[in-house]
Amino acid sequence: MKSLYTFLLIMLIYPLEGREDQTGQMASQQLNLMPMPAELTPGEGRFPLGEDFTIRVSGPASDRAYGGATRMLRRLSGRTGLFFSQDFIGPEDTSSSAPLELKWSRVGQVELGENESYTLAVAADHITLSAETDIGILRGLETLLQLLVAGREGYHFPAFRIEDTPRFAWRGLLIDVCRHFMPVDVIKRNLDGMAAVKLNVLHWHLSENQGFRVESKTYPKLHQLGSDGFYYTQEQIKDVLAYADARGIRVMPEFDMPGHATSWLVGYPELGSAPGPYTIERKFGIFDPTMDPTRETTYTFLDAFFKEMSDLFPDRYMHIGGDEVEGSQWEANADIHAFMRKHQLSDNEALQSYFNQRILKILTKYDRKLIGWDEIFHPSMPTNIVIHSWRGQKALGEAASQGYQGILSNGYYIDLIQPTDFHYLNDPIPPGSELTSEAQANILGGEATMWAEFITPETIDSRIWPRLAAIAERLWSPIDVRDVGDMYRRLDVISFQLEELGLMHEKNYPMMLRRLTNNTDIEPLKVLVDVIEPVKYYNRPMQREYTSYSPMTRTVDAARPDAKVARNFRRLVDEYLNERKERPATGRRFLGFGRKGRSEHADEMITWLELWQANHARLKVTIDQSPVLDEIETLSADLASCATIGLEALKYLEEGKKASPRWVEGKRNVIKAARKPRGQAELMVTPAIDALVQAAGGVLPE
Ligand code: ACM
């Protein structure tokens with residue numbers, strides 16, 4: 001509760017965004033921190049940022065801290081255009097006149113449970129960032145960067161004391177580099193984004209039916225025959241590991257087995273439960289190629305493989321997947337049946353569990369902990385494995401209650417294109433959880449999952465960002481930081497700051513629109529795409545068949561999750577209708593009398609609706625020259641029709657007249673038809689316009 005209290009206190013003290021206070025100074029802007037720190041106490045005054053700004057260090061030698069401080073200084077310089085005199089920060093930077101002091105007492109280990117806490121004290125003439133570990137220093141530097149405020153008098157940091165510590169120790173992002181390969185620079189820029197929002201685990205999904213993405217010196221046919229040439233060399237892996245370590249981020253590899261394993265079997269068919277031959281899978285879904293858990297040679301192979309990978313990846317956790325074992329190869333194999341009878345394995349789950357126990361022995365030998373998806377949870381497994389739940393809090397809670405540690409990904413499947421607030425309110429331990437404190441302690445945190453069926457290096461960032469920042473807040477900040485409106489307000493700011501790290505979620509958008517319009521005017525297309533989203537859940541592959549070489553450059557790919565313009569329009573409509581509930585219509589004249597006298601909300605809605613109404617005629621010119629846009633022509637026409645309906649509904653509302661039931665029904669049918677996806681994309685403004693139509697008929701939302 002303390003954090004909520006301090007948060008409210010700050011809102012009382014700093015309620016005015018960019019407004020002059022009585023002493024003529026700019027009142028500090030609202031805080032744009034994400035994740036919100038555990039405890040914040042406002043101080044007196046502000047620390048003005050000038051070109052004399054320097055950093056001093058105090059702590060045992062740490063390239064992690066020096067590198068983090070140097071990067072922070074360059075980002076600060078990049079944001080402000082200030083020419084700082086300090087170049088690279090190192091152990092010699094101890095001058096007592098440097099206003100920012102970084103103090104740590106030991107070099108941290110990038111491992112689960114390491115101390116990431118920090119204290120940041122900003123006063124008018126100096127700033128102190130102190131932490132037990134250099135990893136805490138990195139976390140605090142990101143907070144300091146987010147505190148920067150621009151005003152008429154220049155840049156400053158408002159005075160604050162921040163005591164911060166994460167709620168969960170495991171805060172991750174899974175990147176699937178198998179369905180579509182992601183080059184090293186994609187991984188690195190996303191590691192920078194993760195560090196900016198204090199995430200600490202990259203879960204690298206490295207093997208799948210569609211590709212085996214790591215060079216293996218022990219079994220070279222894995223990457224040579226299983227990857228189409230798209231794999232990371234071991235040197236590249238080490239480079240990424242060092243990059244992540246410098247940012248205080250663990251890298252946990254996943255090698256999915258015994259299912260999801262086609263790419264292994266291309267080079268080594270003897271691992272499979274059917275003779276083969278096998279080819280790399282081009283489609284998406286669940287496939288039958290499965291490792292044979294009954295042959296000793298399978299374990300000899302995996303033993304040598306895990307030895308090699310344990311030498312390569314330092315993280316203590318090895319993810320073995322284990323999800324969605326399809327089973328038909330096992331069922332068709334008489335030797336496997338005989339083995340199951342002999343070992344009294346009653347079903348496929350028992351056989352998989354036998355396999356997992358063998359793998360557990362191997363991993364234990366290499367000092368690795370076994371983690372896998374829900375399916376590895378079986379009564380015969382010991383409790384020293386970690387359950388990664390894609391099924392949900394209930395499954396996770398059951399495992400935790402039986403003594404298994406676990407992490408949550410259900411509700412964080414960012415590939416399913418759900419809105420940010422859905423993910424934000426999804427909690428590994430929801431408020432009011434009935435789990436015992438012992439069971440709660442077994443829930444280590446969560447991971448967002450970026451599955452890669454429908455992404456390429458060009459679009460991956462827009463599927464991860466900015467939504468991941470809100471998930472990062474859920475996993476770092478106190479449980480009571482849950483205000484959706486404030487989250488969205490801060491998210492806008494954080495999203496644009498993330499661009500300075502090279503993330504492409506914003507800048508690739510106009511580039512993709514240029515390609516779609518054949519480099520003509522993108523504005524009409526942007527007006528449409530700003531209010532559409534890709535279809536959700538698993539609808540995209542249900543509406544048409546995709547392969548790993550299908551184009552990912554269509555309108556649906558340019559469209560972003562949680563379309564901001566549509567979301568803001570919905571909020572405008574909600575606020576307008578709520579206001580009417582409290583203060584019924586005045587009956588003022590609507591059209592033809594200028595805009596004075598109407599509410600600001602009505603004015604703003606009309607501006608949007610008129611833009612959408614007129615847009616189809618403009619966009620049609622572009623569509624006629626760009627056949628790739630044919631598939632969204634009717635979507636564009638429907639946006640115009642719905643906008644016209646919205647204007648008509650507003651006219652009723654503003655004139656204080658009630659629309660007939662017949663009118664309401666007719667218009668609602670048009671809106672309903674407009675909801676139908678086209679080109680796997682859907683219009684997101686229809687619910688708001690539908691609410692206006694219903695209100696025109698006298699039915700206000702609950
Ligand atoms: C999964 O989504 N099959 C882990």
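Indexing begins at 1, ligand by ligand and atom by atom, following the structure's order. Quick caveat: nothing in here was measured; it's all calculated off a predicted structure.
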(request) List in chain and number order the residues that pass side-chain hydrogen bond (donor to acceptor under 3.5 Å, both in side chains) with D245, two or more places apart in sequence or in another chain; answer none if no residue qualifies. (result) R64
(request) Would you confirm whether the ring centroid of Y404 sits within less than 6.0 angstrom of the ring centroid of F377? (result) yes
(message) A quick test of your reading: do over 12 heavy atoms of other residues, nucleotides or ligands sit less than 6.0 Å from OH of Y538?
(response) yes
(request) Can you establish whether the number of heavy atoms outside K564 located under 6.0 Å from its atom NZ is more than 12? (result) no
(request) For ligand 1, would you mind listing the residues that have at least one heavy atom less than 4.0 Å away, ordered by chain and number? (result) D323, E324, W373, W390, Y413, W451
(request) Not counting sequence neighbours, which residues clear ring-ring contact (aromatic ring centres under 6.0 Å, His included) with H319? List them please. (result) H203, W373, H388
(message) Holding to side chain to side chain contact (heavy atoms under 4.5 Å, CB included), I want the full list of residues that pass it with L363, two or more places apart in sequence or in another chain.
(response) F306, M318, I320, I359, R368, L370
